[in-house]
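Numbers for residues simply follow the sequence, beginning at 1.
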Amino acid sequence: PILNSKKDCYVYYDSPAIFDGVYKRDHFYFQIYPFVMDSLDKLTRKNLLFNGHFVSAGIFPPFDDILSVQKDYSLGFKRNTPASGFPAYGGKGTYFNEIYLSNNGLRGKGTLDFLTCHTESDDYMFFPDSMRTIARTVEIKTQEKGTEYPPVVAENVDIRWLPYKDRMEMRSRNKPFDMFKGQATLEGMLAMEPTGLTGSGKMDFNNAELHSDLFKFKTNIIDADTSFFNLKGIDSKDFTFKTTNVNSHIDFTKRTGEFRSNGEASFVEFPQNQYICFMDQFTWFMDKEEIEMSASSKA
């Protein structure tokens with residue numbers, strides 16, 4: 001028996017079983033060209049090969065490929081990008097290496113670049129409006145001109161990329177982000193956008209900690225409108241200086257940290273000395289391991 005398909009036919013991936021039907025058939029489908037299939041009584045997986053055209057809802061540019069039976073017995077394909085990569089989501093980023101399609105969705109193994117951020121993963125999950133993955137490695141390259149970005153490297157990072165919002169969210173898992181070439185680490189989240197790099201969580205400076213819900217990063221600078229700062233002593237594992245509700249400005253070029261109270265004064269605690277006071281501002285000299293404090297008459 002012979003099957004002669006004289007018109008184009010389509011394979012869709014909008015089943016609710018595939019990520020709740022996120023791949024809508026109007027914009028995500030594989031178009032199979034007319035084909036002839038001979039000897040249907042001897043049908044095997046190797047016989048089921050269909051030439052056609054893939055449209056991915058703008059995730060990648062449309063391209064021709066061959067649809068075949070995958071390991072989960074669904075129709076799909078495996079292919080590599082060109083050496084120059086594929087523009088992803090209309091050129092918001094660039095993707096390199098392997099692409100897979102099956103009833104497990106559109107996935108990939110390779111590298112993805114967004115702005116100055118380079119990621120590597122064994123399992124990218126591409127959706128029409130976003131991408132999710134747990135990246136093996138992440139590197140944000142330094143950019144000093146225009147929009148500034150500090151150097152960042154990390155491993156095992158949970159990533160959500162929202163390309164049409166120009167935003168990539170990265171969350172540390174079991175290892176912190178290494179930032180500013182080893183001068184600080186961050187346990188928490190980073191958000192990369194064309195306007196800059198922001199974050200939240202705990203910054204660690206070996207002998208000090210800075211906590212905030214919103215950090216703003218530049219090439220050599222950390223700013224936080226609202227934060228709290230803890231400092232360890234030279235020969236102590238415990239904190240000897242604690243303060244809350246301060247505006248922070250860390251400058252790695254000057255090797256200083258400047259802190260100003262967000263109110264008339266901030267509560268300052270010296271736990272080992274069992275002493276408290278109220279200060280308007282203080283300056284942390286990183287290399288000297290000193291703090292210079294001041295208070296106005298109101299404080």
So, [X] versus [Y]: side-chain donor-acceptor pair below 3.5 Å or not?
X    : Y    : result
T256 : T283 : no
D123 : S121 : no
S172 : E187 : no
N247 : R260 : no
S68  : Q70  : yes

Return the minimal non-hydrogen interatomic distance between [X] and [Y], and the atom names on each side.
X    : Y    : value
P34  : K6   : CG-O, 3.7 Å
D129 : P163 : O-CD, 3.5 Å
F215 : A224 : CD2-CB, 4.0 Å
F19  : M125 : CZ-SD, 4.2 Å
K78  : Y100 : CG-CD2, 3.4 Å
C9   : S5   : SG-OG, 4.4 Å

Validate the cation-pi geometry between [X] and [Y]: distance from NZ or CZ to the six-membered ring centre under 6.0 Å, angle to the ring axis within 45°.
X    : Y    : answer
R25  : Y12  : yes
R79  : F54  : no
K288 : F285 : yes

[atom2] on [Y] to [atom1] on [X], rounded to 0.5 Å:
X    : Y    : atom1 : atom2 : result
L101 : L67  : CG    : CG    : 7.0 Å
T94  : D113 : OG1   : CG    : 6.0 Å
M203 : S227 : CE    : OG    : 11.5 Å
K181 : F252 : NZ    : CZ    : 12.5 Å
T219 : E148 : OG1   : CD    : 3.5 Å
F229 : S212 : CZ    : OG    : 13.5 Å

Does a sphere of radius 6.0 Å around [atom1] in [X] hold more than 12 heavy atoms from other residues, nucleotides or ligands, not counting ones at 6.0 Å or beyond?
X    : atom1 : value
N156 : CG    : yes
H53  : NE2   : yes
D72  : CG    : yes

D223: which of H249, K218, K216 passes side-chain hydrogen bond (donor to acceptor under 3.5 Å, both in side chains): H249
Does a side-chain heavy-atom distance below 4.5 Å link [X] with [Y]?
X    : Y    : value
I159 : M168 : yes
F60  : I99  : yes
V138 : H118 : no
V153 : T137 : no
L115 : E193 : no
L186 : P176 : no
D225 : L214 : no
I291 : L231 : yes

Hey, can you tell me if [X] and [Y] have their rings parallel, tilted or perpendicular (30° and 60° cut-offs)?
X    : Y    : answer
F180 : F217 : tilted
F126 : Y89  : tilted
F282 : F259 : parallel

Determine, using ring centers only, whether [Y] and [X] are less than 6.0 Å apart.
X   : Y    : answer
Y95 : Y124 : yes
F63 : F86  : yes
Y13 : Y29  : no
F28 : Y23  : yes
F50 : F35  : yes

Common cluster, [X]/[Y], ILVMFWY with side-chain heavy-atom separation under 4.5 Å:
X    : Y    : answer
Y10  : L106 : no
V152 : M189 : no
L48  : L3   : yes
Y33  : F77  : no
M192 : I221 : no

Using modelled atom types only, decide if a donor and an acceptor are shared between the side chain of [X] and the backbone of [Y] within a distance under 3.5 Å.
X    : Y    : value
S130 : L162 : no
T119 : L112 : yes
T81  : N97  : yes
D251 : R255 : no

side-chain contact (heavy atoms from CB on, under 4.5 Å) between L210 and K202, worked out: CA-CA 6 Å; L210 182 66; K202 182 185 76 171; over 6 Å; no
Before you tell me yes or no, could you show the steps for T226 and N245 under side-chain contact (heavy atoms from CB on, under 4.5 Å), namely the whole-Å CA-CA distance, both residues' side-chain angles and the distance that decides it to 0.1 Å? CA-CA 6 Å; T226 305; N245 193 25; 3.8 Å; yes
Would L75 and F30 count as a side-chain contact (heavy atoms from CB on, under 4.5 Å) if you check the C-alpha gap in whole Å, the side-chain angles of each, and the deciding distance to 0.1 Å? CA-CA 10 Å; L75 290 173; F30 194 99; over 6 Å; no
V36 vs I2, side-chain contact (heavy atoms from CB on, under 4.5 Å): CA-CA, chis, key distance, verdict: CA-CA 7 Å; V36 175; I2 297 175; 3.7 Å; yes
In sequence, state the C-alpha distance, the side-chain angles, and the governing distance for N103 and Y73, and then conclude on side chain to side chain donor-acceptor pair (under 3.5 Å). CA-CA 9 Å; N103 279 0; Y73 293 96; over 6 Å; no
Checking R132 against D158 for the salt bridge (Lys or Arg N to Asp or Glu O under 4.0 Å) test, could you report, in this order, the C-alpha distance in whole Å, the side-chain angles of both residues, the deciding distance, and whether it holds? CA-CA 8 Å; R132 291 295 304 265; D158 192 345; 3.4 Å; yes
